[in-house]
Number of protein chains: 2
Amino acid sequence: MITRYDFGAPVSTGAAVLNITPSHGDIPHFQLEETGEGLRLSCPLEEDTCLFGLGETVWGINKRGHIYRAWNTDETTHTEDKKSLYSAHNFLIVSSPSGAFGIFVDDPGEVIFDLGATSLKRMTIDCHKDVTLYIIEGGSCVEICREFRELTGPSYVPPYWAFGYIQSRWGYAGEEDVSRVTRLHRENHIPLDGICLDIDYMDRFRDFTLNPKTVPDLKKMVDKARKDRVHIIPIIDAGIPANPDDATYLSGIENDTFVKEENGEVFRAAVWPGLSCFPDFLSPRASAWFGDRYRPLLEAGIDGFWNDMNEPSLFYSAKGIRKAWESLRQLNEENIDTDGNWRMHQAAGSLANSMEDYRSFYHDMNGTRVNHERVHNLYGFGMTRASREGFDRFDGSKRYLLFSRSSYIGAHRYGGMWMGDNCAWWSHIKLNLQMLPGLNMCGFLYCGADIGGFGKDTTPDLLLRWLQLGIFTPLMRNHTSIGTRQQEIYQFECMDEMRNMVRLRYALIPYLYSEYMKAVQSSGMLFRPLAFDSPDDPMARHTEDQLMLGGECMIAPVYEPNAAGRTVYVPERMLVLRMRSPEDMDAELLEKGTHFVRCALGEVLLFLREGCAIPFAEPTESTKEARKAPVHMMGWPFSKPYLLYLDDGVSYAPGWTTLLDGTGEDGYAL
Amino acid sequence: MITRYDFGAPVSTGAAVLNITPSHGDIPHFQLEETGEGLRLSCPLEEDTCLFGLGETVWGINKRGHIYRAWNTDETTHTEDKKSLYSAHNFLIVSSPSGAFGIFVDDPGEVIFDLGATSLKRMTIDCHKDVTLYIIEGGSCVEICREFRELTGPSYVPPYWAFGYIQSRWGYAGEEDVSRVTRLHRENHIPLDGICLDIDYMDRFRDFTLNPKTVPDLKKMVDKARKDRVHIIPIIDAGIPANPDDATYLSGIENDTFVKEENGEVFRAAVWPGLSCFPDFLSPRASAWFGDRYRPLLEAGIDGFWNDMNEPSLFYSAKGIRKAWESLRQLNEENIDTDGNWRMHQAAGSLANSMEDYRSFYHDMNGTRVNHERVHNLYGFGMTRASREGFDRFDGSKRYLLFSRSSYIGAHRYGGMWMGDNCAWWSHIKLNLQMLPGLNMCGFLYCGADIGGFGKDTTPDLLLRWLQLGIFTPLMRNHTSIGTRQQEIYQFECMDEMRNMVRLRYALIPYLYSEYMKAVQSSGMLFRPLAFDSPDDPMARHTEDQLMLGGECMIAPVYEPNAAGRTVYVPERMLVLRMRSPEDMDAELLEKGTHFVRCALGEVLLFLREGCAIPFAEPTESTKEARKAPVHMMGWPFSKPYLLYLDDGVSYAPGWTTLLDGTGEDGYAL
């Protein structure tokens, strides 16, 4: 049961799709307190209470023990102390042995969650005085989650090809890179469905322009890639260069679509193209204008985009850098001392993403002027919605790939997301896994992390182990930063093992796609904590490095270097498939309990629940041929028919479905 | 068997104490190659080869899969990608199922170890053309390690009280802090033996001065603390302020003891006191001068020091900041663009610890002028030796506590070390554990990490879990940075559980001290990888989060939040003690294999080998009363007598010893 509580005059965020009448009773579970700045909710924590949710954050599956700040931030280093990442997903489930309830803090500004960090026995939530709170009670975590998902609407459905393998690198600039990367994947028989182009494909990093040197003919490049069964996925940033010779800028000025300072001047801050203006994604009019900017790219045949820098990230504002410069001027070189040195560091360090800058501009929300600080966390959501609605206006019958860096709950209806700029760290394989259930709870089903790591140099074993998680995430993208080690699979000595992991992905797409569609239609989760399926099992409640996948599976990737396997908690009788390739695997029966399971560097583990089998296709080198590939069932002998969703081409319909049954004899069943 | 190989004209580092005649045969195991810059050794890696050693570095117990750069660095963020920390410990054991060998690269300059990171199947070591290499062959890892330790000499022995609990915080400035912290520990019956004073106890951060406000009377403060059974441990930094009104500076100039630039001018770079000069710790004359500076502090009764900033850390050089300033001047505020912003960041960011600065000064090694870059990694070692020799000149009959941030192999004979500026991260509990065996292999037995974390805010459960590892490390210090959450045990709601952990430490001191002394005398290790004790057990070889402790024990701390226990690999039949306090524990018998072992937040696990018991004392609130506390044996019924080392007060003798035997009936034996 969902109850809504309104305090003051809440901002309407667009997160919810159900219009629930606010209740005027006391809010259950929480003590309410007006602080100087806003509202504080607090609630005692029992010893065994687990906290699930919050979407894209650091920390474990159980969020207890840390302080989180809902404040969308271009955070380049995802260490465990970080309070904010790129998105704000303020939905939390409090699960005690005595029962569970959910809370959604629908506040688009800063919200602080202190989940047993200051005191072990207490959680507090600090939000604004004007806020809408939803409390969801009754039933299990799964049921609470489903109710919340019905409140916030159905998840985005990407095209079928978006489940294919995508190769990316900051530095890919156009035709030459696309054909080389395509050719080397095809020559080495590494399956591939998409290539991302980062900011270098543009003319001086300006949105909706093309680098004449690297993209002389967009349509030709797109058509050629399509012949090679590859989709090109360009990046689009939030900022529009404040240059009188930039067409988008001129159109924005003419149509009055940029956010403004108090005095009515257009707000300017530097991002990749230099000083830029920022579309007002909270204004339907400005959003429609921005969505239509994609049209030339759509006309050229582009059918996938990634939206970036939409926290929004600000390198510095025109005002900010002048101020920094003044403070530096005051330093006299002759008596620069330690303080002077700190002052120089501070001047440089305080420029990016400063609160002063965020406070200095305003949005037009249907005629009301709202300071950005109050609605900061809606900006990325607005960009996602604006672009998606632009695509729909262009061709409402087609599915487009769209994923964004920044988001707020509600954006899950319009697109997917990736987990931002992680690092080539083993610990980020685990973080990648631990973020998945929280994101699924908040409706973000189409997501994944930069496989191999964005920052720092990867190693062959790190990439191979990371692929062994990546083959299960809907977005499977290998992406890395400019200046790091070459990270395409064909660069490595263990290419054969890596190729086999991607081939396993393609064999699993019929299963992953089917379970994805079921999660969309049932407001369910593709990835669940073990605690959701086995709420009364204390071991399951504390398992932090395994996930239930779909209705039939559990995954437990190896995320440590030099490991010969890993310890796995098996919550019920399961069959573990130790897979080296679609053609080479062995199966072992495991009883409920803690087991050390061997898993060599070239192997990936997949656990099947008793009596379950999953569709498994003959792998192809792109999803284009997937329809022709035979699918058989793999796993236990199974009785109940399996509902398989097939590639539906372009329609928005849930996809053609077919029922498979069998004894699993054609698979790897025991 | 140790073989020495000299190439060119190696720098004599003082790491080795045995003078082995260089061999002229081919160096075994490695392929040698002259590169432009120096010498490259490379060696294939079998699939099962483990690499142990390298002392203070990030990564696991098995060092394979990462690139390490031996270059002592003031590194403030110990993430897994870091190549350098504060010390250089170039001893590595290559252990394959087919056998093991050790290599010590006795090169005081930059050395790069690529241990299977670029290629899975190959390790390379890049060092200078002028270098001494030692290859140790024959026998097990334990035997190879013992031979290496005999080559490099006996480990430092601290005073008995140095095994007590030490409380520290950047910000403790003198009398007031010392009495408050002491009082609150005593009032709350939290055992305590030492309090560290950080840079604020000095007058404007100047070595060998006192802050008149906070330390009006040093001797009075020291005597009062001693009455409270507390030792005061002041910090000493490497840099001496270049101020004509600073006595140490004037004495250094007069005695010509500072490192110089090429033109003979004294090198100046800023550290805490501002622009400073740096004693030439590679010159015996200058070292003797520096060692004698401690005398006034020793005369006041100080008997413990921590030496810091001795990589040496440089905030910026006089030259460097002028250059940075010039590059900033060239920026015209009117057209600062994105590049200008980067240039400002770069100017600020390139100032600290720059290679250009390290290359710009020289040492006087017995009359030969040597550029710092060539011998960089010896600087901290030199400071440790200089201060220790100063203590010995003052009173050769007394043991002093001394630990340093930076070191090189050889420094282990003169003092201990701490693991530098870690963070309040759960992952750093594990890193702390993983560093211990590598440090022990290199002779550093007296060591520990900042318990609770130096950077960032700790949480009650993080500190409590960290204490559960810290009670086993010889240096047990709670230390944190200025500006972070108060981290003294009495600040937390779970003070009772934390106090009981410290009380357990005091109950264990007789065992830890005895095993420490045995390790010193036998050139053995206090902490060993499981692989060292069970070389033929593949599970033991891959265990990365447990250690053998002394002759009788294994430790397996919990290092994850919200855990109800952890998985433990038990390599042989063991008794696990689940300890809540010295008076409250239970024991469980575990057979060889993988077990999930319950361990609630207030519990610590200690594993005892079959037939082993350990001395266990009635805890006191300081080591001062420890002699009067009865010791009984705890564990299995045991037959062979246990050799117990008791507090020997001040003499350098290994300490009085006594033989304990018994049936363990008075303990917690099954």
Side-chain angles (χ1 to χ4, degrees), chain A residues 50 59-60 62 64-66 77 79-81 116-121 270-275 315-316 321-322 324-325 328 331 333 336-338 340-341 344-345 347-349 351 423-427 456-457 459-462 493-494 538-539 542 544 560-564 567 569 594-596, chain B residues 50 59-60 62 64-66 77 79-81 116-121 270-275 315-316 321-322 324-325 328 331 333 336-338 340-341 344-345 347-349 351 423-427 456-457 459-462 493-494 538-539 542 544 560-564 567 569 594-596:
Chain A
C50 296
W59 214 252
N62 179 357
R64 185 170 179 169
H66 188 56
T77 315
T79 47
E80 64 184 84
D81 56 287
T118 300
S119 161
L120 287 174
K121 302 193 175 84
V271 278
W272 293 115
L275 281 178
F315 296 161
Y316 60 84
I321 199 147
R322 259 191 230 98
W325 189 245
L328 288 181
L331 291 175
E333 102 173 62
I336 286 175
D337 58 3
T338 311
N341 177 48
M344 168 146 56
H345 279 82
L351 280 172
C423 279
W425 292 348
W426 288 84
S427 57
K456 313 295 174 189
D457 292 333
T459 57
D461 50 344
L462 175 60
E493 59 193 315
C494 47
M539 284 294 291
H542 287 103
E544 280 285 343
E560 285 183 335
N562 305 308
T567 308
Y569 176 66
T594 299
H595 303 268
F596 180 84
Chain B
C50 297
W59 214 251
N62 179 358
R64 186 170 179 169
H66 189 56
T77 315
T79 47
E80 64 183 85
D81 55 287
T118 300
S119 162
L120 287 174
K121 303 193 175 87
V271 277
W272 293 117
L275 281 177
F315 296 161
Y316 60 84
I321 199 147
R322 258 191 233 97
W325 190 243
L328 287 182
L331 292 174
E333 98 172 64
I336 287 176
D337 58 2
T338 311
N341 177 47
M344 169 147 54
H345 278 84
L351 280 171
C423 279
W425 292 347
W426 289 85
S427 57
K456 312 297 173 188
D457 293 332
T459 57
D461 49 344
L462 175 61
E493 57 193 313
C494 47
M539 283 297 288
H542 287 103
E544 280 285 344
E560 284 181 338
N562 306 309
T567 307
Y569 176 65
T594 300
H595 303 268
F596 179 84

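Just so it is clear, the values below take in all heavy atoms, side chains as well, and ignore hydrogens, waters and symmetry mates.
Between chain A and the residues B:T459, B:N562, B:D457, the largest count of heavy-atom pairs under 4.5 Å involves B:N562. Among the candidates A:N62, A:T594, A:L462, the residue making the largest number of heavy-atom pairs closer than 4.5 Å to chain B is A:N62. Of the listed residues B:K121, B:R64, B:E544, the one with more heavy-atom pairs under 4.5 angstrom with chain A than any other is B:R64. For chain B, the option among A:S119, A:A564, A:P561 with the highest count of heavy-atom pairs below 4.5 Å is A:S119.
Contact annotation for B:W59: only side-chain heavy atoms (C-beta onward) come within less than 4.5 Å of a heavy atom of chain A. Neither the backbone nor the side chain of A:T77 has a heavy atom closer than 4.5 Å to any heavy atom of chain B. Using a 4.5 Å cut-off between heavy atoms, B:L351 contacts chain A through its side chain alone, with no backbone atom that close. Both the backbone and the side chain of B:S427 have a heavy atom closer than 4.5 Å to some heavy atom of chain A. Using a 4.5 Å cut-off between heavy atoms, B:C494 contacts chain A through its side chain alone, with no backbone atom that close. Using a 4.5 Å cut-off between heavy atoms, A:T567 touches chain B through its side chain atoms alone.
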Using the rule given for side chain to side chain contact (heavy atoms under 4.5 Å, CB included), can you reason through B:Y316 versus B:L275, listing the C-alpha separation, both sets of side-chain angles and the distance that settles it, and then say yes or no?
CA-CA 9 Å; B:Y316 60 84; B:L275 281 177; 4.3 Å; yes

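When all heavy atoms of A:D81 and B:W425 are compared, the closest pair comes out as OD1-NE1, 2.7 Å.
Partners of B:E560 by salt bridge (charged side-chain N to carboxylate O under 4.0 Å, His left out), not counting sequence neighbours, listed by chain and number: A:K430. Legend: residues meeting side chain to side chain contact (heavy atoms under 4.5 Å, CB included) with B:H595, ordered by chain and number and at least two apart, are B:V570, B:L590, B:V597.
Distance alone, capped at 3.5 Å, places no donor-acceptor pair between the B:E493 side chain and the B:P460 backbone.
Going from atom CD of A:E80 over to atom NE2 of A:H66 covers 8.0 Å, rounded to the nearest 0.5 Å.
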